[in-house]
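Here is the structure we will look at.
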2 protein chains.
Amino acid sequence: MQMEDYHKSSAQYLIGTVSKRSGVKSDLVRAWERRYQAVTPTRTAGGHRVYSDQDIARLKLLNQATSHGHSISQIAQFSLDELKRLLQQEDTQNYSPVSLTGDKRFLAEDYIEKCYAAVLAFDAKTLESHFENAIVELQSQAFIEDLLTPLLTRIGERWKTGELRPIHEHMTSSVIRSLTYILRNNNPCPDHAPRMIVSTPIGQLHELGALLAAIIAELNGWQVTYLGANLPAEEIAAAVKYTHSKAVTISISFSTDDHVIPKEIRRLRKLIGNDVALIVGGRAAACYEAVLDEVGVLKIESYEHFRRILEQLVAGS
Amino acid sequence: MQMEDYHKSSAQYLIGTVSKRSGVKSDLVRAWERRYQAVTPTRTAGGHRVYSDQDIARLKLLNQATSHGHSISQIAQFSLDELKRLLQQEDTQNYSPVSLTGDKRFLAEDYIEKCYAAVLAFDAKTLESHFENAIVELQSQAFIEDLLTPLLTRIGERWKTGELRPIHEHMTSSVIRSLTYILRNNNPCPDHAPRMIVSTPIGQLHELGALLAAIIAELNGWQVTYLGANLPAEEIAAAVKYTHSKAVTISISFSTDDHVIPKEIRRLRKLIGNDVALIVGGRAAACYEAVLDEVGVLKIESYEHFRRILEQLVAGS
DNA sequence: AATACCTATACAATAGTTTGACAAAAATAT
DNA sequence: ATATTTTTGTCAAACTATTGTATAGGTATT
């Protein structure tokens with residue numbers, strides 16, 4: 001999985017580079033290894049030591065710690081976290097930092113608050129940096145489920161009450177769209193992944209739901225083409241044809257009293273044929289129950305439910 | 001299938017070309033192949049090595065990575081993605097490699113063709129990978145100027161003639177939006193960068209122009225908040241207030257005969273006041289000359305001109 | 001025929017390895 | 001307080017690995 005790739009690609013530096021980066025002389029690096037196993041590099045076929053980024057970080061911290069008066073023999077075997085804590089305690093003689101042991105649910109809630117605050121303050125940079133940290137801390141899975149889904153739901157609600165303006169949503173989707181890149185690279189999709197088109201029908205300008213669906217599908221092994229909001233049925237159908245997609249997901253966030261949406265859905269079904277799965281999600285999807293049932297649509301009821309739908313589609317082909 | 005033909009048809013360079021483009025001497029390219037299988041070119045009937053674009057990008061990255069202290073034997077077999085990640089992490093610590101003299105203009109034209117072909121084939125994955133390689137090969141600056149600008153212009157034209165459909169544009173902007181992330185990380189913006197809002201006025205659904213403006217501004221040291229397309233003046237103005245922006249850039253791609261645009265522009269100027277610069281670009285901007293002059297708008301005439309505007313705004317504050 | 005590319009081998013410059021020694025500093029015992 | 005250990009950083013010698021480059025003789029392409 002990702003973890004393994006990550007480790008594989010992190011064994012890479014020879015001792016000279018490590019020395020420059022960490023500030024610990026080569027001889028000393030070797031001595032610390034010999035005497036206390038402070039680091040345990042792998043070796044090349046020829047016997048040269050090969051270090052990872054973690055090792056460099058470790059040596060940096062050890063170096064700092066020793067110059068703060070700690071004896072190398074005592075701290076050589078500390079973990080990265082322990083070393084960080086050590087130095088933090090010393091730098092800021094204040095109280096101890098956050099407990100890292102807390103379960104992810106709590107962590108995610110914390111992030112939701114921070115992210116929502118950034119949205120409210122219209123601070124894209126901070127929002128992006130919170131997201132980046134959250135992806136690392138929570139792993140993609142929990143990031144989507146425990147942070148992104150509830151956050152976007154909340155944004156949808158607050159938008160209705162007038163606490164948030166359209167631009168808050170625009171800004172948020174802009175940030176999330178650029179994050180897609182990281183998420184995709186964390187989970188490179190297989191070569192013969194099933195394809196999917198994600199969009200929003202004409203008249204529906206809110207794209208957060210669609211964006212979320214696209215991300216979830218990508219993380220579950222689909223190759224997604226995300227088209228953004230507000231597209232007529234013909235266009236969506238054309239994209240399906242071009243990409244030979246097996247499924248289309250559209251998101252409906254607001255109900256309108258005209259008949260545009262039902263018409264579009266019927267048209268879309270006719271254009272893509274019955275072999276392509278049509279999936280509909282979004283807060284207002286329930287308002288069109290009748291049409292959806294009529295044309296054979298899979299309705300998304302929850303995050304879990306969407307995942308099950310995706311799995312079944314892969315299995316049943 | 002088309003996909004595969006398409007990929008295969010791009011394997012075509014001999015070692016001399018590869019050497020010039022990647023900056024790795026021919027002898028060394030061969031040595032890296034012999035010793036570590038860093039690249040695995042195909043061969044002509046006569047035994048000459050034949051390389052693909054991917055190989056060139058790969059060698060370029062390997063070259064950069066080695067000058068960053070990685071040992072070639074350790075990284076030679078890394079995938080393109082792993083190498084990119086490697087260098088991205090390091091770009092955070094800043095380090096600018098020497099740019100080669102090779103004529104980028106020609107290279108960029110080559111990329112334009114490839115990218116356009118991918119757009120036409122509606123192949124998002126390939127398009128993204130071309131963009132990624134191009135950013136590495138051309139450096140951000142030339143990527144924008146010699147590849148992205150002409151490519152988007154061409155897409156705009158072909159859209160008019162009906163060769164391309166709306167979804168082609170949607171797909172392209174989707175890909176470019178997620179690339180924003182790389183570009184931003186290549187050029188981290190300073191802490192006290194001037195801020196700018198970029199959007200498209202109500203009724204204008206084409207966002208490629210705005211997207212381009214946002215990217216250019218970011219590369220020139222602005223902190224940009226990109227809001228996407230189709231926003232009323234009130235919203236744009238609110239975003240300006242929230243972010244304390246010094247400038248607003250809006251893009252107008254199509255002229256409509258109603259009076260929506262002129263009204264929106266007048267309203268926008270009134271709402272943001274005279275202290276905030278109002279910049280307008282886009283193919284159809286010229287159609288509204290009268291209003292633009294009336295309310296004091298900076299019109300973008302070319303890539304170069306836009307950059308000058310940006311510089312003057314920074315200087316004159 | 002000229003140029004560019006091929007293989008194979010060689011070679012020098014770095015940069016890394018081990019083993020062991022040594023003195024300054026710090027800790028401990030007297 | 002003084003003497004004795006222990007810890008710790010540094011260095012040197014002899015040797016090996018890595019890596020970029022060079023040379024020689026031949027082949028492919030234009």
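Every chain is numbered from 1 and lettered A, B, ... according to where its sequence line falls, protein lines coming before strand lines.
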Separation of A:Asn63 atom CG from D:dT8 atom C1', in whole Å? 13 Å
Please check if the side chain of B:Asp55 supplies one atom and the backbone of B:Ser52 the other of a donor-acceptor pair under 3.5 Å. yes
Taking C-beta and beyond as the side chain, do B:Val50 and B:Pro41 meet within less than 4.5 Å on heavy atoms? no
How about A:Glu82 and A:Ser79: does a side-chain donor come under 3.5 Å of a side-chain acceptor? yes
Taking only N/O atoms, report every protein-nucleotides 20-25 of chain D pair under 3.5 Å with atom names and distance.
unit_1: D:dG20; atom_1: OP2; unit_2: B:Trp32; atom_2: NE1; d: 2.8
unit_1: D:dG20; atom_1: N7; unit_2: B:Arg35; atom_2: NH2; d: 2.4
unit_1: D:dT21; atom_1: OP1; unit_2: B:Lys25; atom_2: NZ; d: 3.4

When rounded to the nearest 0.5 angstrom, what distance separates OH in B:Tyr51 from CD1 in B:Ile15? 3.5 Å
Taking NE2 from A:His48 and P from C:dG16, how many angstroms apart are they, rounded to a whole number? 7 Å
The residue, A:Gly46 or A:Ser73, whose nearest nucleotide of DNA chain D is more 5′ is A:Ser73
What's A:Ser71 touching, base or sugar-phosphate or nothing? Going by heavy atoms closer than 4.0 Å. sugar-phosphate
Just by distance, with hydrogens left out, do B:Asp53 and B:Tyr111 show a side-chain donor and acceptor under 3.5 Å apart? no
Give the rounded distance in Å between these two atoms: CD of A:Gln37 and P of D:dT8. 13 Å
With nearest nucleotides of DNA chain C determined for A:Arg43 and B:Ile15 from heavy-atom distances, which residue corresponds to the more 5′ nucleotide? B:Ile15
Using a cut-off of strictly less than 4.0 Å, decide whether A:Thr44 has a side-chain nitrogen or oxygen near OP1 or OP2 of D:dT18. yes
Could you give the CD1-to-C1' distance, from B:Ile75 to D:dT19, as a whole number of Å? 13 Å
Could you go through the salt bridge (charged side-chain N to carboxylate O under 4.0 Å, His left out) check for B:Glu157 and B:Arg283 one step at a time? CA-CA 10 Å; B:Glu157 283 162 7; B:Arg283 215 166 339 110; over 6 Å; no
Measure CZ/B:Arg49 against C1'/C:dA4 and give the value in whole Å, please. 13 Å
Nearest whole Å is fine: how far is D:dT19 P from B:Leu59 CG? 15 Å
Measure the distance from CG on B:Leu62 to P on D:dT19 and round it to the nearest whole Å. 12 Å
Close aromatic pair by centroid cut-off 6.0 Å: B:His170 and A:Tyr226: no
Does C:dA15 have OP1 or OP2 sitting under 4.0 Å from an N or O in the side chain of A:Arg30? no
In whole angstrom, give the distance that lies between atom CG of A:Leu14 and atom C1' of C:dA13. 16 Å
Side chain to side chain, A:Met196 and A:Glu218, heavy atoms closer than 4.5 Å: no
Report each atom pair, protein N/O against N/O of nucleotides 25-27 of chain C, whose distance is under 3.5 angstrom.
none

Assess B:Arg158 against B:Tyr116: is NZ or CZ under 6.0 Å from the centre of the six-membered ring, and within 45 degrees of the ring's axis? yes
